Amino acid sequence: MSEDKAEINKEIIKEVFKMADLKPPEQVTDEALLDAVYKIKTKMNPIDKNEQEQVYEPPISNNILIIDDIGVVTYQLKVLFRNLNYNVQVAKDIFSGLNTFVKSNYAFLIMDLFVSTEQEGYTLLNETKKIITKNNLNTKIIVITASSKAENKVKCLNGGADVFLKKDTGWQDKLIEVIENFHS
């Protein structure tokens, strides 16, 4: 991309921030953009104040929320866990995932790290961990990914994930084993 085009894009992005009554960031970074998109979507579809102040009860031990943007994965996991008598909800992006998460109590959150980008996955992990901590929940966060980067595992576990699973051969069986081990 040419420098002129990059500058035009930065100016357009800053205008979008202003239109949404948000202060434009000093630097237009991926993180600033994700934060702005989240704020804009929250303004457009605000969470009900009653939902924000909802008193959480302990999660039902068989409630699972799966957040993954790949339909085949969510379908497979939904069928798999329903056949094992779990109540399963699915979300395909960070925004619907967070909105679904705050509306119900889940024993397990299974999330893909790349929903739909790595940065969004880390944002999702961070936000759900804040909700869990603030409300003293016992929800277990399980991060799944096809990425082979070793630093992702360390970053996710340090960021609050309880388990990190690589989507390699037999990963669905490993996932079932992890969840059932939490029940024992």
Side-chain angles (χ1 to χ4, degrees), residues 34 38 41-42 45 47-48 51-52 54-184:
L34 284 171
Y38 179 75
K41 281 199 168 196
T42 302
N45 301 310
I47 298 173
D48 185 343
E51 290 175 8
Q52 281 183 325
Q54 175 182 359
V55 176
Y56 286 87
E57 295 178 19
I60 298 172
S61 65
N62 66 341
N63 283 353
I64 296 175
L65 174 59
I66 301 167
I67 305 173
D68 196 318
D69 59 339
I70 300 174
V72 169
V73 172
T74 56
Y75 178 76
Q76 286 176 340
L77 293 179
K78 188 175 185 178
V79 169
L80 180 71
F81 284 111
R82 283 194 174 161
N83 286 338
L84 294 171
N85 295 316
Y86 286 92
N87 300 318
V88 181
Q89 293 292 317
V90 171
K92 295 189 187 264
D93 62 63
I94 182 174
F95 304 106
S96 61
L98 283 170
N99 283 332
T100 303
F101 187 73
V102 299
K103 291 179 182 177
S104 292
N105 299 313
Y106 295 95
F108 301 98
L109 167 62
I110 302 169
M111 59 166 279
D112 185 29
L113 181 57
F114 290 84
V115 182
S116 63
T117 67
E118 183 176 352
Q119 185 58 46
E120 285 184 32
Y122 286 117
T123 300
L124 177 62
L125 175 61
N126 184 40
E127 292 303 312
T128 53
K129 190 60 182 179
K130 284 180 192 175
I131 294 166
I132 290 167
T133 302
K134 178 183 175 191
N135 295 291
N136 199 27
L137 300 175
N138 195 26
T139 304
K140 302 299 181 199
I141 301 173
I142 302 168
V143 176
I144 56 176
T145 186
S147 172
S148 59
K149 290 187 195 174
E151 61 267 18
N152 285 338
K153 180 176 184 176
V154 172
K155 194 171 177 180
C156 286
L157 294 174
N158 288 341
D162 295 286
V163 176
F164 181 91
L165 278 179
K166 189 170 179 315
K167 292 180 188 173
D168 54 13
T169 306
W171 70 271
Q172 294 96 337
D173 294 331
K174 292 176 193 170
L175 182 58
I176 293 169
E177 185 179 321
V178 163
I179 288 179
E180 292 191 347
N181 282 338
F182 278 117
H183 281 289
S184 4

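Owing to the predicted nature of the structure, the values given are computational and were not obtained by experimental measurement.
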Any side-chain heavy atom of Leu124 sitting closer than 4.5 Å to one from Ile67? yes

Identify each donor-acceptor pair in which a side-chain atom of residues 168-175 lies under 3.5 Å from a protein atom, sequence neighbours left out, and give them as a table.
unit_1: Asp168; atom_1: OD1; unit_2: Lys174; atom_2: NZ; d: 3.3
unit_1: Gln172; atom_1: NE2; unit_2: Gln76; atom_2: OE1; d: 3.4

Measuring from Leu125:CG to Ile94:CD1, what's the distance to the nearest 0.5 Å? 10.0 Å

Side chain to side chain, Ile179 and Ile142, heavy atoms closer than 4.5 Å: yes

Audit row: Ile144, Ile110, side-chain contact (heavy atoms from CB on, under 4.5 Å) steps and yes/no: CA-CA 7 Å; Ile144 56 176; Ile110 302 169; 3.9 Å; yes

Do Ile132 and Ile141 have side chains that approach each other closer than 4.5 Å (heavy atoms only, starting at C-beta)? yes

What are the two closest non-hydrogen atoms of Ser96 and Ala91, and how far apart are they? OG-CB, 3.6 Å

Asp112 (side chain) donor-acceptor with Val115 (main chain) under 3.5 angstrom: no

Donor-acceptor pair, side chain of Asp93 and main chain of Phe95, under 3.5 angstrom: yes

How would you list, by chain and number, every residue that makes a side-chain hydrogen bond (donor to acceptor under 3.5 Å, both in side chains) with Lys78, sequence neighbours excluded? none

Side chains of Leu113 and Cys156, heavy atoms from C-beta outward: is any pair under 4.5 Å? yes

Which pair of non-hydrogen atoms, one from Thr100 and one from Tyr106, has the smallest distance, and what is that distance? CG2-OH, 3.3 Å

Would you check if the side chain of Thr133 reaches a backbone N or O of Lys130 as a donor-acceptor pair within less than 3.5 Å? no

Rounded to the nearest 0.5 angstrom, the CG-CG distance for Asn105 and Leu65 is 11.5 Å

Could you check Ile64 against Asn87 for side-chain contact (heavy atoms from CB on, under 4.5 Å), going step by step and ending with a plain yes or no? CA-CA 6 Å; Ile64 296 175; Asn87 300 318; over 6 Å; no

CG (Leu109) and CD (Gln89) are apart, to the nearest 0.5 Å, by 12.5 Å

Scan for salt bridge (Lys or Arg N to Asp or Glu O under 4.0 Å) pairs involving residues 139-166, sequence neighbours excluded, and state none if there are none. Glu118-Lys149

Does any pair with a residue in residues 69-88 pass ring-ring contact (aromatic ring centres under 6.0 Å, His included), and if so which ones, sequence neighbours excluded? Phe81-Tyr86, Tyr86-His183

Applied to residues 62-75, the salt bridge (Lys or Arg N to Asp or Glu O under 4.0 Å) test, sequence neighbours excluded, yields Asp68-Lys167

Val88 and Ile66, any side-chain heavy atoms less than 4.5 Å apart: yes

Measure the spacing between CE of Met111 and CD of Glu120 and express it to the nearest 0.5 Å. 10.5 Å

Can you run down the ring-ring contact (aromatic ring centres under 6.0 Å, His included) pairs that involve residues 109-168, sequence neighbours left out, and say none if there aren't any? none

What's the separation between atom CD1 in Ile131 and atom CG in Asn126, rounded to the nearest 0.5 Å? 10.0 Å

Find the distance between OG1 (Thr123) and CD (Gln119) and round it off to the nearest 0.5 Å. 4.5 Å

